[in-house]
2 protein chains.
Amino acid sequence: MTVRMTRQRAAVAEALDESPEFRSAQQLHETLRARGDAVGLATVYRTLQALVDGGEVDVLRTGEGESLYRRCVTRAHHHHLVCRSCGRTVEIDGPSVEAWASAMGAAHGFADIEHTVELWGTCADCRAAHGA
Amino acid sequence: MTVRMTRQRAAVAEALDESPEFRSAQQLHETLRARGDAVGLATVYRTLQALVDGGEVDVLRTGEGESLYRRCVTRAHHHHLVCRSCGRTVEIDGPSVEAWASAMGAAHGFADIEHTVELWGTCADCRAAHGA
DNA sequence: GGACTGGTGAGAACGGTTGTCAAGTCGCCG
DNA sequence: CGGCGACTTGACAACCGTTCTCACCAGTCC
Ligand SMILES: [Mn+2]
Ligand SMILES: [Mn+2]
Ligand SMILES: [Zn+2]
Ligand SMILES: [Zn+2]
């Protein structure tokens with residue numbers, strides 16, 4: 001039952017620490033391979049899942065159904081403002097939205113309310129780079 | 001280039017009209033098959049996609065990556081409060097959330113802000129049925 | 001070092017969705 | 001009414017991200 005520290009787990013954790021953007025399992029896998037620190041794809045997925053379960057990493061799903069992972073600064077519940085183009089992410093705390101969500105649920109007789117709230121946009125740098 | 005009315009397209013549209021819940025392409029396909037109004041699965045997907053493109057049907061993706069479809073009453077932008085258990089859906093209009101989302105984006109220099117906001121819960125009927 | 005046991009990875013399996021393409025049909029025209 | 005042609009259909013294969021399988025590997029403890 002003991003959790004072991006392995007080269008692979010350390011490598012995945014390190015790759016996550018190095019990128020402030022949300023990244024997919026496959027991107028992380030490729031990054032590690034390119035760096036000569038190869039880790040099996042299945043292991044990347046397993047490690048990410050464990051980190052998510054432990055609350056150390058956040059996941060979000062793109063509109064195309066791919067999962068993106070990121071080690072967030074805030075451990076508490078929060079949302080994200082993500083750049084569509086480069087993945088740059090701002091962690092957002094929205095007390096007003098939290099209140100709104102539970103009020104809406106209660107008003108319609110729903111219980112155990114959960115909410116997904118994500119914001120997507122184009123960051124200032126990407127606008128400067130791509131024109132427009 | 002003309003769009004034709006076919007038995008299949010009418011059947012999919014009718015199945016959507018009959019259910020106020022969000023339903024998956026496969027559920028709709030099965031419903032039609034059971035009713036003896038069989039339509040190929042690929043055609044169900046194609047028809048749903050066309051309806052979504054035309055703004056006649058709303059889609060949302062479950063946490064498991066499945067797309068759910070529903071003909072909403074409101075044509076204007078809105079969100080949903082969905083029962084995890086039976087799919088019952090309440091259309092929600094949240095002006096405060098809209099304002100919050102664009103304000104957040106602007107505050108961090110992001111443009112072309114889009115947002116996904118969905119609420120999940122257990123409706124009163126499902127709570128009564130399953131106890132708790 | 002040796003045993004115990006959790007971890008690894010190549011490849012198969014999965015599940016929802018989309019692509020392929022020969023066969024079928026709606027709509028129109030004569 | 002036929003007939004024609006472009007649009008549509010559907011069985012099945014291909015896709016794609018993710019998970020499962022299982023024989024082999026390697027931390028950990030003694
Ligand atoms: Mn929240
Ligand atoms: Mn909105
Ligand atoms: Zn950017
Ligand atoms: Zn319900």
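Numbered from 1 within each chain, the chains take letters A, B, ... in sequence-line order.
- Counted by atom type alone, A:T116 and A:R61 present zero donor-acceptor pairs between their side chains at under 3.5 Å.
- Side chain of B:Q8 to main chain of B:T43: no donor-acceptor pair is present (N/O by atom type, distance under 3.5 Å, no hydrogens or angles).
- Interface residues of residues 51-64 of chain A facing DNA chain C, ordered by number: none; criterion, heavy-atom separation under 4.0 Å.
- Of the side-chain N and O atoms in A:Y45, none sit less than 4.0 angstrom from OP1 or OP2 of D:dT19.
- A heavy atom closer than 4.0 Å to some atom of DNA chain C occurs in B:Q26, B:A42, these being the qualifying members of residues 9-44 of chain B.
- Using the six-membered ring where Trp is involved, A:H77 and A:H115 have ring planes that are perpendicular, over 60° apart on the 30 and 60° scheme.
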*Give the B/S/- string for nucleotides 22-28 of chain C, one per nucleotide from 5' to 3', where a protein heavy atom under 4.0 Å of the base yields B, of only the sugar-phosphate yields S, and otherwise -.*
---BBS-
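- The aromatic rings of B:F22 and B:H80 stand perpendicular to each other, their planes meeting at an angle above 60°, with 30° marking the opposite boundary.
- Partners of B:E98 under the salt bridge (charged side-chain N to carboxylate O under 4.0 Å, His left out) rule, at least two apart in sequence or in another chain, do not exist in this structure.
- With respect to A:E21 and A:R70, no salt bridge is recorded, no charged nitrogen being found less than 4.0 Å from a carboxylate O.
- Put simply, CG on B:L68 is 11 Å from P on C:dG16, counting in whole angstrom units.
- Annotation: the span from A:S85 atom OG to A:D125 atom CG amounts to 10.0 Å, rounded to 0.5 Å.
- Residue B:E91 holds its CD atom at 4.0 Å from OG1 of B:T74, rounded to the nearest 0.5 Å.
- In DNA chain C, stems built from 3 or more consecutive Watson-Crick or G-U wobble pairs, each with both distances under 3.5 Å, span C:1-30 with D:1-30.
- If you measure from atom OH of B:Y69 to atom P of C:dG16, you get 12 Å, rounded to the nearest angstrom.
- Evaluation of atom-type donor-acceptor distances gives a pair under 3.5 Å for the side chain of A:R46 against the base of C:dG9.
- Under the 3.5 Å distance criterion, the side-chain polar atoms of B:E118 are left unmatched by any main-chain donor or acceptor of B:L60.
- Atoms CD1 and NE2, from B:I92 and B:H79 in turn, are 9.0 Å apart once rounded to the nearest 0.5 Å.
- Under 4.0 angstrom from either OP1 or OP2 of C:dG16 there lies no side-chain N or O belonging to B:S67.
- Every pair tested for side chain to side chain donor-acceptor pair (under 3.5 Å) that includes a residue from residues 100-109 of chain A fails, sequence neighbours excluded, so the list is empty.
- B:T62 contributes a side-chain N or O that, together with a main-chain N or O of B:E64, makes up a donor-acceptor pair within less than 3.5 Å.
- With respect to B:D58, the side chain to side chain donor-acceptor pair (under 3.5 Å) criterion is satisfied by exactly one of B:H78, B:R75, B:R71: B:H78.
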